[in-house]
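Throughout, protein chains are lettered first and strands after them, A, B, ... in sequence-line order, and every chain is numbered starting at 1. These numbers come from the heavy atoms of this one structure, side chains and all, not from hydrogens, waters or symmetry mates.
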Protein chains: 2
Amino acid sequence: MTPTENVAPRILVIEDEPHMLRNLTTILRIEGFEPIPADNGIRGVELARSRTPDLILCDRMMPGMDGFSVLAELRITASTAAIPFIFLTARGERDDFRAGMTHGADDYLTKPVKVDELIAAVRTRLARKREAAALDAGATHRPASPSELVRLGISEREADVLYWLIEGKGNADIAAILGIAPSTVKKHLEHIFEKLGVENRTAAIMTALQAPR
Amino acid sequence: MTPTENVAPRILVIEDEPHMLRNLTTILRIEGFEPIPADNGIRGVELARSRTPDLILCDRMMPGMDGFSVLAELRITASTAAIPFIFLTARGERDDFRAGMTHGADDYLTKPVKVDELIAAVRTRLARKREAAALDAGATHRPASPSELVRLGISEREADVLYWLIEGKGNADIAAILGIAPSTVKKHLEHIFEKLGVENRTAAIMTALQAPR
DNA sequence: GCCTGCCTACGGCAAAGGTCGGATCGGGTC
DNA sequence: GACCCGATCCGACCTTTGCCGTAGGCAGGC
């Protein structure tokens with residue numbers, strides 16, 4: 001239904017050992033995923049923020065920034081906090097495993113990892129995430145700022161108006177807030193309605209809330 | 001902020017061995033959780049549906065319905081699909097662990113389980129879940145049917161009106177859809193506004209969408 | 001029985017919403 | 001420069017909404 005259903009899930013792979021990193025990316029690509037390689041923790045965090053992958057595979061022991069730090073770092077940023085995170089490590093002791101899970105990882109794979117184990121783990125976590133998203137079939141999102149609304153194909157000023165409209169303000173209130181005449185607000189709304197293809201303010205609100213983020 | 005923040009998280013414990021079940025519930029209660037005991041899989045699924053716990057601890061090997069079946073059963077129902085699910089089992093082999101995780105469990109504890117391990121695992125999964133919910137600070141929900149809106153404290157007919165209001169209809173449209181006079185629609189809206197404590201239709205929409213489900 | 005809450009309906013009026021015409025400004029193109 | 005186009009702004013006008021009062025029918029609780 002959505003245009004995104006056929007795109008390959010993007011998997012960020014954070015692994016300092018070059019050979020291992022190549023292997024992982026190759027396997028993932030063959031299995032139909034789009035791997036994003038990162039050869040250290042810092043780079044991994046950067047890529048997680050800039051590319052917002054669908055899942056993260058991360059080595060636990062790395063020079064510089066280790067796996068725990070990467071995980072902790074990603075959890076504090078809203079945009080990356082919900083991404084499934086799988087540890088990949090040579091340490092297979094029970095205590096290591098528990099430490100990984102307790103830090104908030106979603107799975108813990110021990111090297112040497114079998115290909116089908118890896119793929120199954122990735123598929124399961126992706127499915128679990130999608131499942132949670134699918135539960136929100138009627139999910140909508142209240143924008144945190146006007147700029148978030150520009151993606152609807154409206155100008156910045158129009159986004160300002162739409163933002164306050166969603167906050168439940170009347171035209172007079174919006175005019176006062178933005179420091180313009182009420183008639184101007186109406187004109188902006190006129191354009192907004194046209195661009196969104198709706199007839200009135202209530203319909204405009206719903207299309208704005210339901211638009212893909 | 002919410003009134004629910006101080007209530008003890010409800011933990012459903014599914015375990016066939018009576019001694020073990022008592023131990024677990026005792027530990028959980030001491031740690032400030034509200035345990036819900038179930039001594040077999042079938043009963044566990046029932047309780048999961050009727051009590052909607054915040055987390056589920058489930059033994060893997062049980063007579064009758066085993067842990068995998070319980071998990072699979074819970075995943076198909078929308079209301080229980082997102083509940084964190086932790087396996088608790090005597091089988092600590094690597095393959096068993098992987099099987100559990102691949103089936104979609106969120107963690108896998110092996111007996112004998114240390115108390116602090118158990119508590120840490122439970123706390124982590126609860127935190128992870130809450131985190132995901134908190135991310136949706138701006139999350140709203142578009143109702144699938146008018147009856148979904150009755151929880152706002154409005155009558156059924158008022159819910160009908162509010163439903164179509166959210167669909168972006170004008171008063172005249174709503175009157176036509178419901179087969180009543182436009183003036184009646186206005187009267188219903190009047191009551192709705194009062195009950196929701198809002199001033200206009202746009203604000204009514206937002207409070208309806210943002211109300212806790 | 002009586003009272004209360006809900007659903008229905010009408011008319012009127014002020015306020016807000018929505019549509020139109022018209023205007024300026026800046027950036028880009030020919 | 002002349003031109004077009006989009007964004008922004010404003011005022012005038014008609015339509016819709018919101019808010020009052022009023023009121024009959026109907027179900028359920030005291």
**OP:** Run the salt-bridge test on B:E73 and B:R49 with the 4.0 Å N-O cut-off and return the result as yes or no.
**Re:** yes
Tell me what B:H191 touches on the nucleic acid: a base, only sugar-phosphate, or nothing, going by heavy atoms under 4.0 Å. nothing
*Run the salt-bridge test on A:E46 and A:R51 with the 4.0 Å N-O cut-off and return the result as yes or no.*
no
If you compare every side-chain N and O of A:T184 against the phosphate oxygens of D:dC10 (OP1, OP2), does one of them come in below 4.0 Å? yes
Separation of D:dA7 atom P from A:I192 atom CD1, nearest Å, is 11 Å
- Is A:D107 salt-bridged to A:R123, cutoff N-O under 4.0 Å? no
Per-nucleotide protein contact along nucleotides 12-30 of chain D, 5' to 3', at a 4.0 Å heavy-atom cut-off (B base, S sugar-phosphate only, - neither), is -----BBBBBB--------
Check A:R125 with A:D54, please: is the shortest side-chain N to carboxylate O separation under 4.0 Å? no
Atom CG of A:D173 and atom C1' of C:dG17 are separated, to the nearest Å, by 13 Å
### Residues B:K169 and A:E199 bridged, charged N to O under 4.0 Å
no
* Can you find a side chain N or O atom of A:K195 that sits less than 4.0 Å from OP1 or OP2 on D:dG6? -> no
Checklist entry - Could B:D106 and B:R128 be called an ion pair, given the rule that one side-chain N must be under 4.0 Å from one carboxylate O? => result no
Closest of C:dC7, D:dT8, C:dC10 to the B:E156 side chain is C:dC7
Rounded to whole Å, CD of A:E194 lies from P of D:dA7 at a distance of 10 Å
From NE2 of A:H188 across to P of C:dT19 the rounded distance in Å is 16 Å
